[in-house]
Trainee: 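Questions regarding the structure given below will be posed in turn.
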Amino acid sequence: MTSGTLLTVAPTGAESAKADVPALPVTVEEVVATARDCRALGAAVIHLHVRGTDTRPTLDLPRVREVVAAVRETTDLVVQLSTGGAVTDPFDARLAVLDAEPDAASLSLGTVNFGDDVFSNPWGLIVELHTRMQERGIVPEYEVFDLGQLATLKRLLDRYGPPHGGHVHVDLVMGVPGGMPGTAQALTACLPFLPAGATFAATGVGRTSLPVMLAALSAGGHLRVGMEDTLTYAPGEPVRDNAQLVARAAGLARIAQRPPMSTDDARSMLGIKPMENS
Ligand code: KMH
Ligand code: ZN
């Protein structure tokens, strides 16, 4: 059983519009303020989808670099860029995100229906992301939307070797309409298929947020929360901001006697080199 809980905040995502969700952080200033607040409450990793000045999702490299630099200037959070982007993003632009030199990046392990859309992750893209991250010293977080994708992870590691840093960390993304359900049973079913020595976090989308969080904590897992995945705090109550979600997760982690992990401990667990000035 891991002693601390790695808390990741996914503050923005690519799916919600600022006009519909005014509390969504989209400007550089809003993302930085969110990063600072969530760090103070126990987050150690930030999973970033970048928005342009028009508030829409973008993979524009100068803008991605600007946001990465701004978060690094203000916090010591592990910066994990999304290579999933939006369902409409082309593969070359998703791969090019790695040029922004994040500490870590998400790597989705299979194609999945995503509401009315398709989130496309063919084998060739998975291999390209994995090997480019190995070459560039970027640590992947393997995103798993369905149990079969853990078989893809095994195949990937068997054929192409371990990720940079040597440690395998998986995020079970549960409750996506089209993926595995966000239930304790589904989470438990995934656990025997994790590679030996791997750690896992879980994310419950929408109303599955709480059951997934509680199941993950009870199984020794880590947590990802944020407005990318959850916009309703309780029935009829919109999320106020990302800090509210991080505070709830940190509180539950403390109740589970696995308090939020420091950023240094997170780096050490994930196989990311320590910050230069720490
Ligand atoms: N926005 C979703 C289509 C990731 O960040 O790697 C994909 C996603 C996964 O959010
Ligand atoms: Zn994402």
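In each ligand, atom 1 is the first atom listed, and ligand 1 is the first ligand listed. Values in this document were obtained by computation on a predicted structure and should not be read as measured data.
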Trainee: Does the ring of Tyr233 carry Arg240 above it, NZ/CZ under 6.0 angstrom from centre and within 45° of its axis?
Mentor: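 The answer is no, since Arg240 fails at least one limit relative to Tyr233.
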Trainee: Nearest 0.5 Å, what's the OG-CZ distance between Ser108 and Arg94?
Mentor: 6.5 Å
Trainee: Parallel under 30°, tilted from 30 to 60°, perpendicular over 60°: which one fits the rings of Tyr142 and His130?
Mentor: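 Correct class here is tilted.
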Trainee: I'd like the residue list for ligand 1, meaning every protein residue with a non-hydrogen atom under 4.0 Å from the ligand.
Mentor: Glu15, His47, His49, Ser82, Gly84, Gly85, Val87, Ser106, Ser108, Phe114, Phe119, Glu228
Trainee: Flag the pair Glu66 and Arg63 as a salt bridge only when some basic side-chain nitrogen lies within less than 4.0 angstrom of an acidic carboxylate oxygen.
Mentor: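 Between Arg63 and Glu66 there is a salt bridge, with a charged N closer than 4.0 Å to a carboxylate O.
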Trainee: Would one find an N, O or S atom of Glu228, in either backbone or side chain, under 2.8 Å from the Zn ion (ligand 2)?
Mentor: yes
Trainee: Check whether any side-chain N or O of Thr83 sits under 3.5 Å from a backbone N or O of Ser106 as a donor-acceptor pair, and report yes or no.
Mentor: yes
Trainee: Classify the ring geometry of His47 against His49: parallel below 30°, tilted from 30° to 60°, perpendicular beyond 60°.
Mentor: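 It falls in the perpendicular class, over 60°.
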Trainee: Please report the C-alpha distance between Thr203 and Asp229 in whole Å, then the side-chain angles of each, then the deciding distance to 0.1 Å, and finally whether the side-chain hydrogen bond (donor to acceptor under 3.5 Å, both in side chains) criterion is met.
Mentor: CA-CA 8 Å; Thr203 310; Asp229 308 311; 4.7 Å; no
Trainee: What N/O/S atom of His49 gets nearest to the Zn ion (ligand 2)?
Mentor: NE2
